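See structure below.
Lettering follows sequence order; numbering is per chain, from 1. None of these values were measured; they are calculated from a predicted model.
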Amino acid sequence: MLISHYLINFYSKTQLPLDSQRVFEETQVKSSTSWSSVISCFAQNELPCFAIEFFRRMLGFGVRPDDHIFPSAMKASGMLSWREFGRSVHCLALKTGFDGDVFVGSSVVDMYAKCGEIRDARTVFDRMPVRNVVSWGGMICGYTQLGEDEEALRLFKQALWEGLDVNDFAFSSVIRVCGNSTLLELGKQIHGLCLKTSYDSSSFVGSSLVSLYSKCGVIEGAYQVFEEIPERNLGMWNAMLIACAQHAHIEKAFDLFKQMESVCMKPNFITFLCVLYACSHGGLVEEGKHYFELMKVYGIEPGDQHYASMVDLLGRAGRLQDAVSIINGMPIKPTESVWGALLTGCRIHKDTELAVYAADRVFELGQVSSGMHVLLANAYAAAGRYEDAAKARKMLRDRGVKKETGLSWVEQGNCVHTFAAGDRRHPISGEIYQKLKELGEEMERAGYVADTSFVLREVGSDEKNQAIRYHSERLAIAFGLITFPPERPIRVMKNLRVCGDCHTAIKFMSKCSGRVIIVRDNNRFHRFEDGKCSCGDYW
DNA sequence: CTAGGGTTAG
């Protein structure tokens, strides 16, 4: 009789939830361990609804959940973001006295964090009688998932302070924080700690490090981490691929993909997003089509993001009709990002008619995201449909969305220096403007002519006209020219796209100053050296 | 005695 109990567990361990369930249903006497096996198996195999259904059934049978079952139920609630359900399970744990268990407590923390209830997560965390690396790691990770980066870093520091044995889990979380906020110096320090504790060979840490260095503009650092870790899982390969795509190392990206095939590492949907992204940045239409077709060979169904990538690639390359064909051939409903990609192509190649068509389709979707309104308004205005343009702008206002302010920042030591266009708040603002004035004269002698079309389109008043000549990235670069040693590349981060005039200007800045200038805008890197940019003016 | 909690890549 007991053999079936072993069988349930065997199928659970071998990740065969349906087989586990089948034996479970056939078994007369259902022990709490069997319930536990089958519920955890559902939770671990992306079947949270089944896990919760079985949890409910179990309660109906009068079986009391124990310290092994609660964590699986919590996990399932978290996966579904079922806040109220998770809360009720938590209450049950409190009532039955299991809340003091470190496994149960950790899973409750994670559940609340996944449901966006970070305060509740913290309350539970603070009240836990016993905490271990998992509880700390879960709490730190919870903060990072909700974008509460500062609190995540603070907690990480506290964990170190308390002499806790911080493991690769927490390391990868905080390194991700550094990557997202482009805190290179802090990230390097944490990398140093990883080396000391030998967690640097973890592939989770490795992927985060590759991503950190890439996002901070240090592609060489990303390559180095990648080369030094022999055990590369899919996350590592994907992190390296996206780094190559962001830095326009297109050939290297294709090479990595070949290497993956040669070591039998099976690509997933993210891998294909990475290579399509690389093709898009390089304007390589035929290669993009090749990889898109290759998805079928690997049995991966293209998602809306893959279609958006293809439309982006074709649209940017001016093949708008091909882009439309792709959309028409989609087996799934085109999403906003797909139409958005088409709109971008239309804007570049000035196809007002198609832009309006795409804009109408976006409107039909009902839900319009904040970044899209500007694209829509511009598309309608260009076609003379001013009423619709006004409608798009009104939607934006009604939702209280403000246009994002363009900011650029450079990191120096432990400080981040941030600049807005025409900003004079920086302590050495005087020197910065002086530097730009001098450099500007030199640039003009070298042949730089300001392209005023970027000014006229956006603003009317003279005041703003003045400001636009001092776009935030130019201020940040000037700051770097003044303060950084000559051999150090100037790395500037920007939250919006670099305008065409600044792109040209920075090329001249690199030539006249003899510096390497690396600018990351909202979607890729530009490496300026000796008057040329790595993007080949295609961005 | 067979069962449990966290992560990387877009």
The side chain of [X] lies closest to which of these nucleotides: [options]?
| X | options | result |
| --- | --- | --- |
| A/Pro71 | B/dG10, B/dG6, B/dG4 | B/dG4 |
| A/Gln305 | B/dG10, B/dG5, B/dA9 | B/dG10 |
| A/Leu234 | B/dA9, B/dT8, B/dG4 | B/dA9 |
| A/Val104 | B/dG10, B/dG4, B/dT7 | B/dG4 |
| A/Asn132 | B/dG5, B/dG4, B/dG10 | B/dG5 |
| A/Thr33 | B/dG4, B/dT2, B/dG10 | B/dT2 |
| A/Gln145 | B/dG5, B/dT7, B/dG4 | B/dT7 |

Contact class for [X] vs. all strands (heavy atom < 4.0 Å): base, sugar-phosphate, or nothing?
| X | value |
| --- | --- |
| A/Asn238 | base |
| A/Val38 | nothing |
| A/Asn523 | nothing |
| A/Asp67 | base |
| A/Ser40 | sugar-phosphate |
| A/Gly138 | nothing |

- Please list all pairs passing the side chain to side chain donor-acceptor pair (under 3.5 Å) test where one or both residues lie in residues 292-304 of chain A, with sequence neighbours left out.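 Listed by first then second residue: A/Glu261-A/Tyr298, A/Glu293-A/Lys296, A/Asp304-A/Thr335.
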- Task: Please list all pairs passing the side chain to side chain donor-acceptor pair (under 3.5 Å) test where one or both residues lie in residues 168-178 of chain A, with sequence neighbours left out.
- Result: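 Qualifying pairs, neighbours excluded: A/Thr144-A/Arg176, A/Asp168-A/Ser202.
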Output the residues of [range] in contact with DNA chain B, where contact means a heavy atom of the residue under 4.0 Å from an atom of the strand; sort by number or write none.
| range | result |
| --- | --- |
| residues 246-272 of chain A | A/Asn268, A/Phe269, A/Ile270 |
| residues 157-170 of chain A | A/Asn167, A/Phe169 |
| residues 191-214 of chain A | A/Ser203, A/Phe204, A/Ser207, A/Ser208 |

By salt bridge (charged side-chain N to carboxylate O under 4.0 Å, His left out) - contacts of [X] (at least two apart):
| X | value |
| --- | --- |
| A/Glu117 | A/Arg83, A/Arg87 |
| A/Lys114 | A/Asp110 |
| A/Glu231 | none |

Value in whole Å for how far the [atom2] atom of [N] lies from [atom1] of [X]:
| X | N | atom1 | atom2 | result |
| --- | --- | --- | --- | --- |
| A/Met111 | B/dG5 | CE | C1' | 12 Å |
| A/Asp110 | B/dT7 | CG | C1' | 10 Å |
| A/Phe98 | B/dG5 | CZ | P | 16 Å |

Check residues 39-52 of chain A and write down every donor-acceptor pair under 3.5 Å in which the side-chain atom is one partner and the other belongs to a residue at least two apart or another chain.
unit_1, atom_1, unit_2, atom_2, d
A/Ser40, OG, A/Ser36, O, 3.3
A/Ser40, OG, A/Ser37, O, 3.1
A/Asn45, ND2, A/Cys41, O, 2.8

- Task: Please confirm whether any donor atom in the side chain of A/Ser106 sits under 3.5 Å from an acceptor in the base of B/dG5, or the reverse.
- Result: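 Flag set: donor-acceptor pair detected.
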- Message: For a quick check, tell me whether the side chain of A/Asp66 and the base of B/dG4 share a donor-acceptor pair closer than 3.5 Å.
- Response: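 Answer is no: no donor-acceptor pair is held.
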- Query: Does A/Arg232 reach the main-chain N or O of A/Phe226 with its side chain, forming a donor-acceptor pair under 3.5 Å?
  - Reply: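 Checking the backbone N and O of A/Phe226 against the side chain of A/Arg232, a donor-acceptor pair under 3.5 Å is found.
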- Just jot down the side chain to side chain contact (heavy atoms under 4.5 Å, CB included) partners of A/Val23, sequence neighbours excluded, or say none.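 If we apply the side chain to side chain contact (heavy atoms under 4.5 Å, CB included) test to A/Val23, skipping adjacent residues, the hits are A/Ser4, A/Leu7, A/Ile8, A/Tyr11, A/Thr27.
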- Message: Under the rule for side chain to side chain contact (heavy atoms under 4.5 Å, CB included), what residues qualify as partners of A/Glu336, not counting sequence neighbours?
- Response: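 Testing A/Glu336 for side chain to side chain contact (heavy atoms under 4.5 Å, CB included), a comparison that skips the adjacent residues, returns A/Val362, A/Leu365, A/Val368, A/Ser369, A/Met372.
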Counting only pairs under 3.5 Å, give me each side-chain donor-acceptor contact of residues 121-129 of chain A, with atom names and distances, residues two or more places apart or in other chains.
unit_1, atom_1, unit_2, atom_2, d
A/Arg122, NE, A/Asp126, OD1, 3.1
A/Arg122, NE, A/Asp126, OD2, 3.4
A/Arg122, NH1, A/Tyr143, OH, 2.9
A/Arg122, NH1, A/Glu151, OE2, 3.2
A/Thr123, OG1, A/Arg119, O, 2.8

- A/Arg64 CZ: over 12 foreign heavy atoms closer than 6.0 Å: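 12 or below, so no.
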- A/Phe85 atom CZ: more than 12 heavy-atom contacts under 6.0 Å: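 Atom CZ in A/Phe85 is packed in, count exceeds 12.
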- Message: Under 4.0 Å from OP1 or OP2 of B/dT7: is there any side-chain N or O of A/Lys114 that close?
- Response: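 Yes, A/Lys114 has a side-chain N/O under 4.0 Å of OP1/OP2 on B/dT7.
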- Task: Over 60° means perpendicular and under 30° means parallel, so classify the ring planes of A/His249 and A/His247, tilted if in between.
- Result: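 Judged by the thresholds at 30° and 60°, the geometry between A/His247 and A/His249 is perpendicular.
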